[in-house]
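All chains are named by letter (A, B, ...) in the order of the sequence lines, taking the proteins before the strands, and each is independently numbered beginning at 1.
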Protein chains: 2
Amino acid sequence: MSNVTISDVARKVGVSESTVSRCLSGFNVRNAEAIRKAIKELGYRPNLVARNLKSGRTGLVALIVPDITNPFFASIVRGAELAAGEDYMIQLINTGEQPEREEWAIQRMMGQVDGIIYVPSQEDSEAMTDVTDRSIPLVFVDRLIKNFRNIDSVLADNLTGGEMATQHLLEHGHTKIAHISGPLTSTPGKERAAGFARALKAHKIKEDSNYFVESDFTVLGGYQAMMSLLSLPTPPTAVFVANNQMTIGALKALKEKAIKTPEKMAIIGFDDHELTDLIDPPLTVISRDAHLQGAIAMQTLLERIKGGNQFPPKRIKVDVRLIVRGSCGSTCRHRETSTSNANKVLSASTRS
Amino acid sequence: MSNVTISDVARKVGVSESTVSRCLSGFNVRNAEAIRKAIKELGYRPNLVARNLKSGRTGLVALIVPDITNPFFASIVRGAELAAGEDYMIQLINTGEQPEREEWAIQRMMGQVDGIIYVPSQEDSEAMTDVTDRSIPLVFVDRLIKNFRNIDSVLADNLTGGEMATQHLLEHGHTKIAHISGPLTSTPGKERAAGFARALKAHKIKEDSNYFVESDFTVLGGYQAMMSLLSLPTPPTAVFVANNQMTIGALKALKEKAIKTPEKMAIIGFDDHELTDLIDPPLTVISRDAHLQGAIAMQTLLERIKGGNQFPPKRIKVDVRLIVRGSCGSTCRHRETSTSNANKVLSASTRS
DNA sequence: TTGTAAGCGTTATCAG
DNA sequence: CTGATAACGCTTACAA
């Protein structure tokens, strides 16, 4: 905490506080040189808190995510930070998917930050009533809350993703296909499951409720889900796992039971990782540009902070793509397909 | 930004601002009920910035790390956040290992936060002159800056870690052992390399400069380093890689060249990951409790914020341990060893 | 217990 | 261009 204030500088130079302030803001003042010298000598540093009180902005954006330890969210955060540039700093909060913690975070952030980027755990959360009341800028990333349909969101094309994943397994001749899904109360959990169902339907395969396990997006959850699938009288021959963490758990279960992939069990995950290339066999996944998703979210938030409600709510969906490796079996027609070619272009990913 | 202030509430109830303020602080006031009601109706939320200006504290702690995308740093951050509880929020900054960015971050944080937890990229950085000048609480994690020997730090026992890793390779009969090191200008880079050298020396093996590649802690760096080792006339038969990212790169190189592990090349990494279990073969690593390291750092910082300079600088080292999997060859005497048994106990990990 | 008033450090306004 | 003065929203002596 810097205890030397602007008035110390002013006194030392023999000018008024306003002059020093103006000098700092880049205006032409008479004793500019002397002032700069005094600032250095005294080690003066403007108190940003005071400045913020005056200006009404904090230069802070809250990023509320389930778990920064999940590389996917880490990438979101990184992307958002880069998009923020030097104007806004990131205030990070991990919620551990706990709604109470989310509510607490939202409450605490209001009035402390200029905007919030939020990954809610539940679509029906009530955590945010206050947020819209005070109309503090907010953007949902990756997931959203149902009752707030008029708020900006930057999701992935989960429906297509789930469909592509399942389709990929179907193309390898599987018919006994299971889905380890995330919580159906969450956006990606619900949408990816819907994609799964849609692909099955398109191939006239009727859903077997035994082959649908709703889990919780955690490693342990994925492990348990796979274990329960393996203990079925007739286990599936292929499984689509709805996120990266559960996929790790599922793979651990397969390894523990010494089930050969893809021979005895084909597996496709959602979200990529630097290491998925190196596991045995390399993991086939549906992926997307998390960095980009975070960047778009930040960009949208900043527009909202600047422009207020000048423009209607944005509902952006980032493209997903299939990355074929070894975990679903050998060669396939396509190596890598995407829902569109313009994945890297910010504007091109905007829909609806 | 909440535009309804404490005076709006006061006016509505017909009391003074101070009364409302006191009510908020938990004091007994006459119209407490009416005040609470008015607060709810108006949707009043205290402006924390104003509060901070008065109190001189921000409730913010800056966490300056190279890259949150590296799961190791993510764990550090998570551990720190948990240790902070509800009193302090985390302000996150990624530096990308760029000293200029670190300097900028430090400058910007001062006067905006109550303390800083910092992972500097270089031991000889000048980024922090101002920090000590103003005596804003600071704690180094994982790495430190040389010229600031009287500042708290929470490192890992890198020397022992490097030694254990190398020792482990030696015990498998290797003599042509290489080290892909981090930058020798960074604390862990230097110390792990020192551990490597010490273990070789203890076994009377003289260092071959061809077998020592200084890299940069990145995936690409690790890849290139391994490639260069493989192109040697007589490549090493084992390699100790100094961090997780470079290990991924090194493994990619091995895979690309179809070099069998551990038969043709044994490999041991530094820092564990949920997926290292699943790669082929499972990766043997030196590991430590990053969560704990972050937690200790935060705890130390908070003590410093509260207690000022009541106590001498702490230099804490967290224990490392060897996790034996398959990448260094078959069975070995020990499955898991640690530099001490009390790794989980905060106080027990404190040294010097 | 309550209200009044001063002040946290800065910047914006306004007259000079 | 400059300097006094008034805010920004809140807390806290101080006096009642």
Please confirm whether any donor atom in the side chain of Lys54(A) sits under 3.5 Å from an acceptor in the base of dA7(D), or the reverse.
yes
Rounded to whole Å, please give me the gap between [atom1] in [X] and [atom2] in [N].
X: Arg51(B); N: dG9(C); atom1: CZ; atom2: P; answer: 18 Å
X: Arg57(A); N: dA12(C); atom1: CZ; atom2: P; answer: 13 Å
X: Leu53(A); N: dT11(C); atom1: CG; atom2: C1'; answer: 10 Å
X: Ile35(A); N: dT10(C); atom1: CD1; atom2: C1'; answer: 15 Å
X: Ile6(A); N: dG7(C); atom1: CD1; atom2: P; answer: 18 Å
X: Asn47(B); N: dT11(D); atom1: CG; atom2: C1'; answer: 13 Å
X: Asp8(A); N: dT10(C); atom1: CG; atom2: C1'; answer: 13 Å
X: Leu48(A); N: dC8(D); atom1: CG; atom2: C1'; answer: 16 Å

Apply side-chain hydrogen bond (donor to acceptor under 3.5 Å, both in side chains) to Ser186(B) and list each qualifying residue two or more places apart in sequence or on a separate chain.
none
Quick one: side chain to side chain contact (heavy atoms under 4.5 Å, CB included) partners of Lys37(B), sequence neighbours excluded?
Glu41(B)
Kindly write out the residues that satisfy side chain to side chain contact (heavy atoms under 4.5 Å, CB included) with Glu17(B), not counting sequence neighbours, or none if the list is empty.
Ile6(B), Ser7(B), Ala10(B)
Which atom pairs, one a donor and one an acceptor, fall under 3.5 Å between side chains of residues 25-32 of chain A and the rest of the protein, sequence neighbours left out?
unit_1: Ser25(A); atom_1: OG; unit_2: Ser21(A); atom_2: O; d: 2.9

Give me, pair by pair, the N or O atoms of the protein and of nucleotides 1-5 of chain C that are less than 3.5 Å apart, along with how far apart they are.
unit_1: dT2(C); atom_1: OP1; unit_2: Arg30(B); atom_2: N; d: 2.8
unit_1: dT2(C); atom_1: OP2; unit_2: Arg30(B); atom_2: N; d: 3.1
unit_1: dG3(C); atom_1: OP2; unit_2: Ser16(B); atom_2: N; d: 3.0
unit_1: dG3(C); atom_1: OP2; unit_2: Ser16(B); atom_2: OG; d: 3.2
unit_1: dG3(C); atom_1: OP2; unit_2: Thr19(B); atom_2: OG1; d: 2.5
unit_1: dG3(C); atom_1: N7; unit_2: Arg22(B); atom_2: NH2; d: 2.7
unit_1: dG3(C); atom_1: O6; unit_2: Arg22(B); atom_2: NH1; d: 3.3
unit_1: dT4(C); atom_1: O4; unit_2: Ser18(B); atom_2: OG; d: 2.9

Using the ring of each side chain (for Trp, its six-membered ring), is Phe140(B) parallel, tilted or perpendicular to Phe148(B), with breaks at 30° and 60°?
perpendicular
From NE2 (His291(B)) to OG1 (Thr69(A)), nearest 0.5 Å
6.0 Å
Atom CG of Asp289(B) and atom CD1 of Ile296(B): how far apart are they, to the nearest 0.5 Å?
8.0 Å
Five-pair end axes of the helix from dT1(C)-dA16(D) to dG16(C)-dC1(D) and the angle they enclose, rounded to 10°
40°
Side chains of Pro99(A) and Glu103(A): does their closest heavy-atom pair fall under 4.5 Å?
no
Note: Tyr88(B) and Leu60(B) closest approach over all heavy atoms is CD2-N, 3.9 Å
